[in-house]
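Values reported hereafter were calculated over all heavy atoms of this structure, with side chains retained and with hydrogens, waters and symmetry mates removed.
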Amino acid sequence: MLHAEGVVKRFGRLEVLKGVSLEVKPREVVCVIGPSGSGKTTFIRCINHLEKIDAGRIEVNGHLIGYRERNGKLVEDTERNIARQRAEIGMVFQRFNLFPHKTALENVIEAPTHVRGVTKDQAARQGKALLERVGLADKFDTYPGKLSGGQQQRVAIARALAMNPALMLFDEPTSALDPEVIGEVLDVMKSLAIDMGTTMIVVTHEMGFAREAADRMVMMDDGRIIEEAPPAQFFDSPREERTKQFLSKIL
């Protein structure tokens, strides 16, 4: 589902990603952890071309993201093609980024109707089903300002799912939430991972969620992936000293 090879990203002279390679299989859930500044968020923003890479290549579902090959070299694709590729990748941010002047249901159906060309009636049926799935059956007509942070994040998840993406990316989706509502968002994400088999890459500090839902853990440090392992091995007997140090501070 994801093939990232030798991904390099620079901001000026600062090299944030230093040759990151990662493969994710269909229906796999990969949790990415690491200290602030290790490149986690930058990497997943590169996956859907919110950040342009400086070297390497990224493919999702067999398609190059953001670039096309010409005479053996990668050149940036057209905005239209990039938008089409991005439609295959759902992303849930730290901040919810909902349209404040639209109801929960209107937020969910906006992209399917305008990008996919789905009829409004069909999009509304699918949108209601998704909002029910994330536990918001009674909030179809509620505006974001009247929803709690946890409810807004669940609307954001439903909105991403409405495009029927091949891959879901989560960038620390609970970091902006009050502690008492974090659980409701994590429960929805567990359901996506375990019940629906959604392919997911999750940047997170929620180690309980990672232990329960992840198929594989990835540790990033200083712009590189330094360790990958199944959760039981990763948490109980990490190989790298840097991983041991990091886990000792957060567990």
Side-chain angles (χ1 to χ4, degrees), residues 1-25 27-60 65-66 89-95 167-177 182 185-186 189-190 192-193 198-251:
M1 188 59 71
L2 171 74
H3 173 76
E5 182 182 340
V7 175
V8 173
K9 174 63 185 175
R10 302 182 190 93
F11 293 104
R13 293 183 178 181
L14 180 64
E15 194 171 50
V16 178
L17 299 178
K18 303 174 181 178
V20 174
S21 297
L22 181 69
E23 300 230 345
V24 179
K25 301 185 186 77
R27 302 175 69 88
E28 191 175 21
V29 177
V30 174
C31 283
V32 182
I33 69 168
S36 297
S38 59
K40 309 181 300 293
T41 291
T42 299
F43 178 54
I44 64 168
R45 287 176 63 85
C46 288
I47 292 173
N48 67 353
H49 205 62
L50 288 175
E51 299 288 355
K52 300 176 183 180
I53 63 176
D54 293 299
R57 62 191 291 137
I58 297 173
E59 297 176 9
V60 172
I65 298 298
I89 306 167
M91 185 156 182
V92 179
F93 299 87
Q94 296 177 24
R95 299 286 172 180
L167 173 66
M168 283 284 286
L169 307 175
F170 293 84
D171 181 17
E172 297 189 30
T174 60
S175 65
L177 300 178
I182 287 174
V185 174
L186 293 178
M189 292 171 62
K190 282 179 204 167
L192 295 181
T198 306
T199 309
M200 296 163 55
I201 302 174
V202 185
V203 173
T204 185
H205 291 299
E206 301 292 340
M207 297 301 111
F209 166 81
R211 276 185 183 272
E212 193 171 340
D215 297 300
R216 184 158 38 112
M217 297 296 302
V218 169
M219 172 75 182
M220 289 190 69
D221 187 50
D222 192 30
R224 297 181 175 89
I225 291 175
I226 63 169
E227 185 160 0
E228 296 181 53
Q233 178 185 333
F234 185 88
F235 287 110
D236 298 337
S237 53
R239 184 184 70 248
E240 297 293 329
E241 192 60 39
R242 182 68 184 96
T243 308
K244 294 174 186 176
Q245 292 173 356
F246 183 74
L247 291 175
S248 72
K249 292 177 181 176
I250 63 172
L251 293 178

Ile250: side-chain contact (heavy atoms from CB on, under 4.5 Å) partners, not counting sequence neighbours:
Met207, Phe246, Leu247
Does a side-chain heavy-atom distance below 4.5 Å link Arg224 with Val20?
no
If you count the non-hydrogen atoms of other residues, nucleotides and ligands that lie under 6.0 Å from NZ in Lys25, is the total more than 12?
no
If every non-hydrogen atom of Pro231 is compared with every non-hydrogen atom of Ala214, which pair is closest and at what distance?
CG-O, 3.3 Å
Would you say that Met217 contacts Phe235 through its side chain, given a criterion of any heavy-atom pair below 4.5 Å between the two side chains?
yes
Atom pair CZ (Phe209) and NZ (Lys190), whose distance is rounded to the nearest 0.5 Å
7.5 Å
In a table with atom names and distances, give each donor-acceptor pair under 3.5 Å that connects a side chain of residues 1-10 to protein atoms at least two apart or in another chain.
from : atom 1 : to    : atom 2 : distance (Å)
His3 : ND1    : Glu23 : OE2    : 2.4
His3 : NE2    : Glu5  : OE1    : 3.0
Lys9 : NZ     : Lys52 : O      : 2.8

Do the side chains of Thr243 and Ile226 get nearer than 4.5 Å, heavy atoms only?
yes
Would you say Glu172 and Thr41 are linked by a side-chain donor-acceptor pair, where the criterion is simply a distance under 3.5 Å?
no
Hey, is the main chain of Glu240 close enough, under 3.5 Å, to the side chain of Glu227 for a donor-acceptor pair?
yes
Is Glu51 close to Phe11 at the side-chain level, that is, under 4.5 Å between some pair of heavy atoms?
yes
Minimum heavy-atom separation for Met219 to Gly34, with atom names?
SD-CA, 4.1 Å
So for atom CZ, which belongs to Arg211, do other residues, nucleotides or ligands contribute more than 12 heavy atoms lying within a distance under 6.0 Å?
yes
Quick check: are there more than 12 heavy atoms from other residues, nucleotides or ligands sitting under 6.0 Å from CZ of Arg27?
no
Pairing residues for Arg242 by the side-chain hydrogen bond (donor to acceptor under 3.5 Å, both in side chains) criterion, not counting sequence neighbours:
Asp221
So do Ile201 and Phe43 actually touch side chain to side chain, heavy atoms under 4.5 Å?
no
If we only count heavy atoms from C-beta on, is the Ile47 to Leu167 side-chain gap below 4.5 Å?
yes
Looking at every non-hydrogen atom in both residues, tell me the closest pair between Val202 and Met200 and how far apart they are.
CG2-CE, 3.9 Å
When you compare the side chain of Met91 with that of Leu50, does any pair of heavy atoms fall below 4.5 Å?
yes
